Structure formats: C-alpha cells, structure tokens
Novice: 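My questions will all concern the structure given below.
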Protein chains: 2
Amino acid sequence: MQIKYTLSEDKMPKAWYNIQADLPTPVPGVLNPATGQPITPTDLESLFPMALIKQEVSTEPNIQIPEPVQSIYRQWRPTPLYRARRLEKHLDTPAKIYYKYEGVSPAGSHKPNTAVAQAYYNKEAGIQCLTTETGAGQWGSALAFAGALFDLEVVVYMVKVSAQQKPYRRALMESYGAKVIPSPSHETQAGRAILADNPQSTGSLGIAIGEAVEVALGNKTANYALGSVLNHVLLHQTVIGLEAQTQLDMAGDYPDIIVACTGGGSNFAGIAFPFLGAKLRGEQKTTRFVAVEPTACPTLTKGKYAYDFGDTAHLTPLVKMHTLGSSFVPPGIHAGGLRYHGMSPLISHLVELGLIEPRAYPQLSCFAAGVMFARTEGILPAPEANHAVKGAIDEALRCKEEGISRTILFNLCGHGHFDMQSYIDYHAGRLQDSEYNEQEIAMALAGLPVVS
Amino acid sequence: MQIKYTLSEDKMPKAWYNIQADLPTPVPGVLNPATGQPITPTDLESLFPMALIKQEVSTEPNIQIPEPVQSIYRQWRPTPLYRARRLEKHLDTPAKIYYKYEGVSPAGSHKPNTAVAQAYYNKEAGIQCLTTETGAGQWGSALAFAGALFDLEVVVYMVKVSAQQKPYRRALMESYGAKVIPSPSHETQAGRAILADNPQSTGSLGIAIGEAVEVALGNKTANYALGSVLNHVLLHQTVIGLEAQTQLDMAGDYPDIIVACTGGGSNFAGIAFPFLGAKLRGEQKTTRFVAVEPTACPTLTKGKYAYDFGDTAHLTPLVKMHTLGSSFVPPGIHAGGLRYHGMSPLISHLVELGLIEPRAYPQLSCFAAGVMFARTEGILPAPEANHAVKGAIDEALRCKEEGISRTILFNLCGHGHFDMQSYIDYHAGRLQDSEYNEQEIAMALAGLPVVS
C-alpha cells in the first residue's frame, strides 16, 4: 500500500531557500535591451513591488515567508509526500519512489505558492490591480485565487485560442472574480496593432505578455505578475523541496535522484533547489537532478545558452537562458505549461554548470506513464506532470536492470482534472508525437539579439 | 484568515458509526416486491457480499474499518476542517462557520469513502467485477478509482445523455481503467428492450441501474455497487463526522447547527450521524440538523413517506422513504447528484422522527452562494455542495439578524472542477430556477406500489 508522510503545520518552512546564496558563480544578470547594460531596480519598479525586485537579486540564503502568506499556505500546505508502493510493485523495481503532490491546492497545481506571495507583496505596496497572461490557464487560475484572497483586481490576458479551447479554466478564473480578456484584444495598443495586421490572430503567449505589461506600465496602481522563469518566482516554490526534506527525514531516506518537469522551471526549482543547495554546500555529494522537457519544445536539450527576450514582442528585458529563439512556436502538444521558448536563467545556469541533467520525452510515452500512475497510485496527473512521472519510471526501471535500489523523488506538480480533453484524445488514439522542426529552431535562433 | 484544523493520522476513526444502534424506533425494513415480505439476506446475495449485507441490518454501534481500507483512506484522510473566517467577515455575522472539505479525495468528492470499502469487501469475497450506474459521474469516478486500487474490473452504465454531456467524467473513469457504457445499451436485455421501444432514448438513472443489476445478477463473479441510499453506504460515510467531532474538539467548539445537501443522503449522513447519535443518546440536546435539497427535486419537503422502488424499472426491492414517485423525472438542474426521486430510508425515518429539518432552495441562489464562497474561501464547490453553502450562509445571516453567535458546521462534499459548464452558464445568465411541476409529482405519486 501507498505510504503518506504528513508534515505537521508547525514544521512548515518559515523561510524560502534562495539558491543564489550558494552558487559557485553568480547567475548572469538581466540586461536592458535598449542600452545593453545591466537592468536597475528602478527599471523594474513600474512592473513589480520593491520587495520582489529585492528578492530577484538577493544573495541571502533564507528569506522569511511573511506570516499572512504562511497563513494562506496552511489552507493546503504542508502538501503530502507519498511513497508510491503500488507503482513500485507494478514496475517490480528495487527502487523507492517518492512523490510530492502539489495538486491539493485550490487551483490544482504548485502555482499558488508564488501567486499568494506575489499578491501579498503587491497589496502591501498599495497596488490595487495585477495583470498577467495565461496560456493553458494554471497560472491565471492561481493568480485569480490569490487576488480574491487579497481583494486585488486581477486581469488575465488569455491567449485567444486557449480561451476558446479551455472555457473551463476561464470559468474558474471568472468564478474567483478575475477579468479574463482573450488576447489579442482591442484594449491595448499592442493588441490593436496585432489585430490591425491580422484580425483573425488567435494570439500567443508573447502577445498576451505584451498586453499585460502595457496595461501595468500605464497604470500606477497596477503591477504585472509572472508565474515562472524569474528568480523570485522560483524562490517562492522552494517550500515544496523544503517540506520534502523534512518528510524524507521522517521516512529515514534521502533522494539519489530528483525528477521534475521544466517549462519555465518553477516547479523543478521548487523541489530541487533545497537539495541542490545541500550539494553545492558540500553537505551531500551524490544526488542527481533530472529536468524533463517535451521533445516538441526541447529548450534545455536543443536550445542555445544566450541572451534572449522573454516574449515574442520583445518588450521584456534580456535574460541569459537556454532558448529556442523568441519567435519559435512549438507544436501544439497538450502540456501547455511546457511550451515556452526559454527557461529560467537559474535553471539554465545550473545546467551549464553540469549540476542538472536535462532530458526530453515525446508526449505519448508521457501520457502512458500518467495513465499507469493513475491506475496504481489513484491520482490522474496534469499532462505537464506526466513528464516527471515518465522520468521517474525510467529511473526506476534502470534500477531494476542494474539490480540497484535507489531513492527517487519527483514532483507531481498538478492534477489533470482540467486537462481531460487531452486524455480523451490519448485514449482515442488521436494524439501524436509532434516533434520540433530543426529548421524552425535554426531560424528562430538566427534571430537572437546581438549582445556585446 | 481561514483556520485549518488538521487531524493527525493516528486520530483517524478506526470504526464507522452505525446510527441504527441508537434509533428510538428501528428503520422500516426493505420488502421483496414479489411477496410483500421482508427481504432476506439470501435475496441480496447475488448482488452484494455478505459483509455488506450484514452491515445493512446491523445494530452494532461501531463497525471496525478494515486495515486495508484505513490504509487507502490515509491517501487523502483525515480531510481538513476549516473555520471560514473570511466568509464570516464578508457576511459580517457573529456566527462561527466551520466546513469539512471532502473534495481533497482523488475523485474530488466524499464518494470514495464508500467506494473503497465496497471494493474491499467485494474483493475479499472473491468478486472480480463490479457493475454500477452513474449520472453526473461523481460516483462512477469514485468506484473506478477504488476498483483500480483493488484490481477489480469496473463496469459503469452511464446515462447516455450524461456520457455525451460530460465526456470529461467519462475520460476520468476510463483513465482509471473502468469500462464506461452509455445506457441504454445493446449489452443487456433491459437496454435492448428500451432501445427496441425507442432507439433514440437518452437514458435515465433508472434504466442504468436496471442494466447494472442485470449484469451483476447474471454473473457469479460480478456484484453490483450503489453510491448512496443504502444503510451500509451511509455507514461508510460517517468517517466524515467522526473526524469532524475530533477536529471541533481541537477548536474547543461544538456545532449548534449542522448543514449538508441531500440527494440520496450519504454526504448528509456522513457529517450528521455521529453528532445525531450523541443527541439520540442524550449526551447533547440542542444541535439542529438541516438537510438541503433543490426545489426542483423536493423529495423531503414535498414527497410522500411511503414504500417505493429505488429505480424506474422496478427491479429493486421496496424501501420506505420520502419519494416523489419512481416515474418522476426532475428538471435538468446542474446539481445532478441531487436529482433522485427517493431518499435514504434512514434519513427519511429521522425526518419523520422530527430530528432532521428539510429545506429546499432554487439553484440560482445556490450558485450565488458558491461563487461568494469561492471568492472568500478560495474553493469552488460542486453544484450539489452549493446547496449546503447556501444553507450555512442563511443560518449565519439569521445569527446576524438575531445578534446571536451560533456554531455552524457544514459539509463541503466536493469541488466543482468537473462542473465548470454549470458555472459558465451561471456567469452568462443562462441558468434558470426550474421548479418542479406539482402535477407531475401528483401523477408519479399516484403510481406508488400498493403495500399491504
């Protein structure tokens, strides 16, 4: 039978862990695209509250979690850590498989860990409205939830084709009181410009970011919120790994391998960074860290490590990261949260340092892993999380081949209840392994900005 | 801020509470429709394992929860009890509002509490396959989940119109490995007879029950499973109220009012019976018990207390209950789990004894309550659960009017993530307060079986 390791609330982390304190070399800074110079806090002040800007560049190892944020975390945290005994038995592996389950949050994923923190700091700074973009809708739902709790207006620019294909995610955001605007819209210059060119545009994450940023820039009481990629977002997610450390202590275990999926990098960082910090500080030497991405959007495995824009419209600062080029549009796989051309600068830096092993899987094998997981462990994962499940299963099968018992920990970052259409398509045999196109990536990479 | 009362696993109930031990007069027995005589255990043996048949008639106060069932319960139990501080503040009420949240189960509702127990006892009895029916899909999903964990084949006859309207629920059941057959089907005599009459039949719960029962009767290794109404089903749900008792002890509180919604009665019984038992035993005198149903299907508030069939096809035994007549088809409101013509005999009996206050609400007011709840407490309830939310809010507002602080406990029996279409319709102003038709109920009641 499955075993659950329940953490009592008094053992919840009181501080987030900041990996920037332990990096052997600092992560390359963000540049102002107009000047090519490092960006200053003032450059960011029209988008983010100063508390988050400070977290973005902090090298303090532990950053206190404000009590009101802890209080809201306690609605669903500590999240359970499970040992997947039924899955182990099904695989007939000597490996021990543990998973941290973040799908118990009201929005169904890990995203509220940062949404609540961002809403808190913005509220404290006197902000009345948060703008953001969303594709698949996990992030938009989480920010809508957090906004409701802090009485903040939330405006979500939702990629038009997603708003049409995922009406249920939109309805969840609206139930929380958020305003959802299909993007491109007539409400912004950025949107109107796109629509003037192409009235039929179905939108993109890049366009939606542009609209959300434009609105935040033009309104002193509005700020912008991002759900992944940035250092402060990854920081907030470390509650996942910090809890898992205590829970594995309870189990008397320590992971040999940690697996998570990577889109922008936040759920991976959340589970991995506290353990990676221990390795960086030399407290522990052997743990391997596996970042799983889709072969359809192989940012870490096929991308270039270079300065690039975070969005297609080139409104963001330049960040050094693994990128497929900001004009690259990945095939329409169902793991929408993993369809991003770039990657968190922190994750990219750690991959370059040889501390994280990237790995790519096609989507059919990930859905097969997810269905096996549902039938053994009883939880149906989100398509993104299926990539982590597949990675963990492969490691467990390698243990079987080699006759070695290793301890595997993976992050089950969300449930699939809002992604049932993808399972319908999978069961009906309608899903394909859409691969990336080498030529498209080469073209997108050719367009990378020149940074002196 | 919201307060969570977390129960440690070692304080989980080890036995279910059987209210039959404390009834002042026994619940009227089930009759064989052919003979009009009380049904015997042997009559039920082709449908249920003997362990469940014994629980159905037991008057033991505490029935041990088998360790393998406890072990699976621990995947998501104990479920949290919350004090709804943000909702209280929003209502500006002196009342204290607590809610028990059953939506944290892998199937998203309270239904796995009995599905796991039923799967266990059937597996122990050597059964290889369970058949059942489902309408909205909560019950079918729960049994599919439980079947996967015990390696039982699960066959779900799903009302055809629901299978078409709720493809996501169907996909969840199939992901767990269950076979979902839109009903009426060509696989049973009952189904073929209906289709011969009307090839376009969209099905009904009554027809689906007939198909599931027929398959179980015709196969020695198959049994039938029911998700509500029966005594043993209500028994298994008492883990909810037993946990809530310990959690309210932690809070130093005791409920003045307990509220839950009623379709077949199982989630209501789950939260209420342990407290009602204390009242029956005279340990406590003042708690009120409010059962909320939809005005569109007013079983307790407008039905007749009489012997009736559980299904439209008249294949089940006769049970004494509040009924609108087995041929009554309620309007298509979105709280599909509350659209049942009958009621659990135990609940009906307790209403007759004056121990439960039934109350009916139209659906628009319930959706409004659910949206208020989502924006204050962060959880979007299932349409069924919205009835309990509405009942609790009304009690809290009465406290405000009267200037009295009472303690209100309600059961939030499931989340609404599979019911987003209803919220889309609600937000778009497309929902109506479909009322029952007096004449239809009168006609259905005129057809009640004559029992001497």
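Letters A, B, ... are given to chains in the order of the sequence lines, protein chains preceding strands, and every chain is numbered from 1. Fair warning: this is a prediction, and the values are worked out from it, not measured in the lab.
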Novice: Between Y176(A) and G378(B) (side chain of the first, backbone of the second, donor and acceptor by atom type, cut-off under 3.5 Å), is there such a pair?
Specialist: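 Yes, because the side chain of Y176(A) sits within donor-acceptor range (under 3.5 Å) of the backbone of G378(B).
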
Novice: Is the number of heavy atoms from other residues, nucleotides or ligands under 6.0 Å of E9(A) CD greater than 12?
Specialist: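 Above 12, so yes.
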
Novice: Report the option among D419(A), L172(A), D151(A), V104(A) that has the most heavy-atom pairs separated by less than 4.5 Å from atoms of chain B.
Specialist: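 Looking at each of D419(A), L172(A), D151(A), V104(A) in turn, L172(A) comes out on top.
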
Novice: Side chain from CB out, backbone as N, CA, C, O: work out which of these in E377(B) comes under 4.5 Å of a heavy atom of chain A, or both, or neither.
Specialist: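 For E377(B), backbone heavy atoms alone lie under 4.5 Å from chain A.
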
Novice: Which atoms of S8(A) come close to chain B, meaning under 4.5 Å heavy atom to heavy atom: side chain ones, backbone ones, both, or neither?
Specialist: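 Neither; nothing under 4.5 Å.
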
Novice: With ring centroids as reference points, do Y168(B) and Y168(A) lie under 6.0 angstrom apart?
Specialist: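 Yes - the distance between ring centres of Y168(B) and Y168(A) falls below the 6.0 Å cut-off.
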
Novice: Counting heavy atoms not belonging to K11(A), are there more than 12 under 6.0 Å from its NZ?
Specialist: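 No, not enclosed.
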
Novice: Between A146(A), S175(A), A428(A), G177(A), which residue shows the highest count of heavy-atom pairs closer than 4.5 Å to chain B?
Specialist: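 Max contact count across the listed options: S175(A).
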
Novice: Side chain from CB out, backbone as N, CA, C, O: work out which of these in S105(B) comes under 4.5 Å of a heavy atom of chain A, or both, or neither.
Specialist: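 Nothing of S105(B), per the 4.5 Å heavy-atom cut-off to chain A.
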
Novice: For chain B, which candidate among P112(A), A171(A), G147(A), G103(A) shows the most heavy-atom pairs at distances under 4.5 Å?
Specialist: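 Counting heavy-atom pairs under 4.5 Å, the top option is A171(A).
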
Novice: Flag the one option from A374(B), A107(B), A144(B) with the top tally of heavy-atom pairs under 4.5 Å to chain A.
Specialist: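 Answer, by heavy-atom pair count under 4.5 Å with chain A: A374(B).
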
Novice: Answer yes or no: does atom NZ of K179(A) have more than 12 heavy-atom neighbours from other residues, nucleotides or ligands under 6.0 Å?
Specialist: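 No.
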
Novice: Looking only at non-hydrogen atoms, find the nearest pair between R375(A) and E174(B) and report the distance.
Specialist: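 Shortest heavy-atom contact: NH2-O, 2.9 Å.
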
Novice: Okay, side chain of R86(B), backbone of L149(A): is any donor-acceptor separation there less than 3.5 Å?
Specialist: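 Yes; judged by distance alone, with no hydrogens or angles, the pair exists.
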
Novice: Just so I understand: if I count every heavy-atom pair under 4.5 Å between each of Y423(A), F418(A), Y101(A) and chain B, which residue has the most?
Specialist: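 When all of Y423(A), F418(A), Y101(A) are compared, F418(A) has the most.
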
Novice: Select one option (side chain, backbone, both, neither) describing which atoms of P167(B) are under 4.5 Å from chain A's heavy atoms.
Specialist: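 Both backbone and side chain.
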
Novice: Could you tell me whether the side chain of H415(B) reaches within less than 4.5 Å of the side chain of H417(A), counting heavy atoms only?
Specialist: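 When only atoms from C-beta onward are counted, H415(B) and H417(A) do touch, with a gap below 4.5 Å.
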
Novice: Check whether Q75(B) gets within reach of chain A through its side chain, its backbone, both or neither, counting any heavy atom under 4.5 Å.
Specialist: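 Interface part for Q75(B): both.
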
Novice: Given 3.5 Å as the limit, does a donor-acceptor pair link the side chain of K4(B) with the main chain of R77(A), or not?
Specialist: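 The answer is yes, because a donor-acceptor pair under 3.5 Å joins these two groups.
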
